[in-house]
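Comments concern the structure below.
Lettering follows sequence order; numbering is per chain, from 1.
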Protein chains: 2
Amino acid sequence: MNISEASKRSGLPAKTIRYYEDIELVRPARAENGYRDYADSEIERLTFLRQARHLGFTIDQCRNLLVLFDDSDRASADVKALADKRIKEIDRKMKELKALRNTLSTLARECRADEGSDCAILEGLKKS
Amino acid sequence: MNISEASKRSGLPAKTIRYYEDIELVRPARAENGYRDYADSEIERLTFLRQARHLGFTIDQCRNLLVLFDDSDRASADVKALADKRIKEIDRKMKELKALRNTLSTLARECRADEGSDCAILEGLKKS
DNA sequence: ATAGTGGTTCCAGTAGCTGGAAAGTCAAGC
DNA sequence: GCTTGACTTTCCAGCTACTGGAACCACTAT
C-alpha cells in the first residue's frame, strides 16, 4: 500500500507519515521502485499515533505507548498510568487556563471600552 | 541599567530580553562599552510583555498590544477587543481539553489496570 | 512522446525561546 | 600590574511537531 492510501486510511497527512518514519515511529517496507509499502499493521500503528497525538500525548509519550502497544506481555496498569498522567496534565492546563481567563476577564470588565485612551487592561499589564 | 538588572526587574530571563530585541519588541540604548542600557520605560515594556505572554497572547498579539500601549490616542475599546479575542481563544481551548479529558477518562475507566495484557486504552486508540 | 499524477529526498521555516561557545569588559583582591 | 570571576557581547544550534517547497524519479493514460 502506497503512502497516499496509508494517509487516507490512517487519517494522517503523507508528510507527517514520512516524518514519523524519520523519527523512527514506523518502519514501512520498501517496494522495488523505492516507494514505501505499508502493511495493515502499520496503518493500525499510524491510526494509533493519530489518536494518541489528538489526545495530546507528546511524541515521546507516544513512543512509550507504542512500546506497550508492541509488547504483548504488557500490564494494562502500565498503560493506565500513562493515561492518568496525561489526565493530570490536562487538569493542570485547564486550571491554568481558568486562572488566565479570570485575570483577563477581570481586566476586561474594568475596561470602559470606549473612545477614551484610559485602559484598565494596559494599565494592569504594565505593573510588576 | 544592565541586562541582569532589567531581567530582575521585569521578571524575564536575559536571554529572552535579548530575543525580544532581536525581533524588535524593545530597543534599548547602548552604553559606551556596548552593553545594553535599559531605561525605566523599557522595564515597563518588558514587564508588560511578560504579563501579556503569561496570559497566553502570542508574540504577534503582543506586538499589536504594544502598538496600542505606545499610542496615547488609542481607544480603550481596541484593547478590549484583543482581550475579548483572547478570552474566546481560551474558551475554545478549554472546551477542547474537556473533550479530551472525557475521552481519556472514559478509556481509562474501562481499563482494568491489572497485570493482564488486555487494555481498553490501547484498543481504543488503534481504531479509526 | 507527452502530460499528469503519483512517489522520493533534502532543505528551510514555523513559535518562542534556550543553551552553549568564544570573546570582550569590569571590579576586586593580591 | 595581574589574575580571577562575574558580566556582557554575538552568533549558531537545538527544541516540538510538523509543513512547504524544490528537484527529481516512477507510473499510467493518451
Side-chain angles (χ1 to χ4, degrees), chain A residues 1-39 42-43 45-66 85-86 89-90 93 96 100, chain B residues 1-39 42-43 45-66 85-86 89-90 93 96 100:
Chain A
M1 176 189 334
N2 279 351
I3 200 167
S4 62
E5 180 66 18
S7 167
K8 248 184 247 163
R9 296 212 205 167
S10 67
L12 287 171
K15 273 275 185 191
T16 303
I17 298 181
R18 288 197 196 93
Y19 171 69
Y20 285 173
E21 182 177 350
D22 232 52
I23 60 173
E24 303 186 308
L25 289 176
V26 265
R27 308 171 180 277
R30 292 291 176 137
E32 301 241 325
N33 56 11
Y35 286 17
R36 289 170 179 81
D37 183 17
Y38 294 90
E42 271 147 350
I43 301 304
R45 241 179 132 70
L46 288 170
T47 305
F48 180 90
L49 282 168
R50 175 174 57 76
Q51 301 267 51
R53 287 288 299 131
H54 175 71
L55 288 174
F57 287 98
T58 65
I59 290 286
D60 240 38
Q61 291 171 326
C62 287
R63 222 181 274 279
N64 292 333
L65 282 169
L66 278 178
K85 197 173 151 204
R86 175 73 193 124
E89 283 168 17
I90 293 177
K93 188 78 193 165
E96 218 179 288
L100 298 184
Chain B
M1 174 189 338
N2 278 352
I3 199 167
S4 63
E5 181 64 19
S7 166
K8 248 185 245 161
R9 295 212 206 164
S10 68
L12 286 171
K15 274 272 183 193
T16 302
I17 298 180
R18 289 197 196 94
Y19 171 68
Y20 284 173
E21 182 177 351
D22 232 51
I23 60 174
E24 304 185 309
L25 290 176
V26 265
R27 308 170 179 277
R30 293 291 176 136
E32 301 243 323
N33 57 11
Y35 285 17
R36 290 169 178 81
D37 184 16
Y38 295 89
E42 271 146 349
I43 300 304
R45 239 178 134 69
L46 289 171
T47 306
F48 180 89
L49 283 167
R50 176 174 57 77
Q51 301 268 51
R53 289 286 302 130
H54 175 70
L55 288 173
F57 287 99
T58 65
I59 289 285
D60 243 36
Q61 292 171 327
C62 288
R63 224 181 274 279
N64 292 333
L65 283 169
L66 278 178
K85 198 173 151 207
R86 176 72 194 125
E89 283 168 18
I90 292 177
K93 189 75 193 169
E96 218 180 289
L100 297 185

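The separation between B/Ile17 atom CD1 and C/dG16 atom P is 17 Å, rounded to whole Å. Taking atom CD of A/Glu5 as the reference point, atom P of C/dT5 lies 18 Å away to the nearest angstrom. Distance OH (B/Tyr19) to C1' (D/dA13): 15 Å, rounded to an integer number of Å. Following rounding to the nearest Å, B/Lys15 (NZ) and C/dG16 (C1') show an atom-to-atom distance of 13 Å. Taking atom OH on B/Tyr20 and atom P on C/dT18, their separation rounds to 8 Å, with Å as the unit. One can place CG of B/Asp37 at 15 Å from C1' of C/dT25, the figure rounded to the nearest angstrom. Residue B/Asp22 contributes atom CG, which lies 14 Å from atom C1' of C/dA15 at whole-angstrom precision. One atom, CD of A/Glu21, and another, P of C/dG7, lie 14 Å apart when rounded to the nearest Å.
With B/Glu21 as the partner, the salt bridge (Lys or Arg N to Asp or Glu O under 4.0 Å) test is satisfied by one option alone out of B/Lys15, B/Arg30, B/Arg27: B/Arg30. Exactly one of A/Leu49, A/Asn64, A/Leu65 qualifies for a side-chain contact (heavy atoms from CB on, under 4.5 Å) with A/Phe57. That residue is A/Leu65.
The overall bend of the helix from C/dA1-D/dT30 to C/dC30-D/dG1, read as the angle between its terminal helix axes built from five base pairs each, is 30° when rounded to 10 degrees.
Considering every non-hydrogen atom in both A/Leu12 and A/Ser7, the closest pair reads O-OG, 2.7 Å.
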| task | Please report the C-alpha distance between A/Ile59 and A/Tyr20 in whole Å, then the side-chain angles of each, then the deciding distance to 0.1 Å, and finally whether the side-chain contact (heavy atoms from CB on, under 4.5 Å) criterion is met. | result | CA-CA 9 Å; A/Ile59 290 286; A/Tyr20 285 173; 3.7 Å; yes
| task | Show your working on side-chain contact (heavy atoms from CB on, under 4.5 Å) between A/Leu46 and A/Thr16 and close with a plain yes or no. | result | CA-CA 10 Å; A/Leu46 288 170; A/Thr16 303; over 6 Å; no
| task | List the steps and the verdict of side-chain contact (heavy atoms from CB on, under 4.5 Å) for B/Glu42 and B/Met1. | result | CA-CA 10 Å; B/Glu42 271 146 349; B/Met1 174 189 338; over 6 Å; no
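Closest contact between the side chain of A/Arg36 and the listed nucleotides C/dT8, C/dT18, D/dT8 involves C/dT8. With D/dC18, D/dC27, C/dC17 as the choices, the nucleotide that has an atom nearest any side-chain atom of B/Thr16 turns out to be C/dC17. With D/dT19, C/dT8, D/dT9 as the choices, the nucleotide that has an atom nearest any side-chain atom of A/Tyr35 turns out to be C/dT8.
At the phosphate of D/dC12, neither OP1 nor OP2 sits under 4.0 Å from any side-chain N or O atom of B/Arg18. Residue A/Asn33 has no polar side-chain atom (N or O) positioned under 4.0 Å from OP1 or OP2 of D/dC25.
With respect to the salt-bridge test (charged N to carboxylate O, under 4.0 angstrom), the residues A/Lys93 and A/Glu89 do not qualify.
Contacts between residues 52-66 of chain B and DNA chain C, defined by a heavy-atom separation below 4.0 Å, involve B/Arg53, B/Thr58, B/Ile59, listed by number.
To the nearest 0.5 Å, atom CZ of residue A/Arg63 and atom OG1 of residue A/Thr58 are 9.5 Å apart.
The residue B/Ile23 sits apart from the nucleic acid: no heavy atom pair falls under 4.0 Å.
Judged purely by atom type and a 3.5 angstrom limit, A/Arg86 uses its side chain to pair as donor or acceptor with the backbone of A/Leu55.
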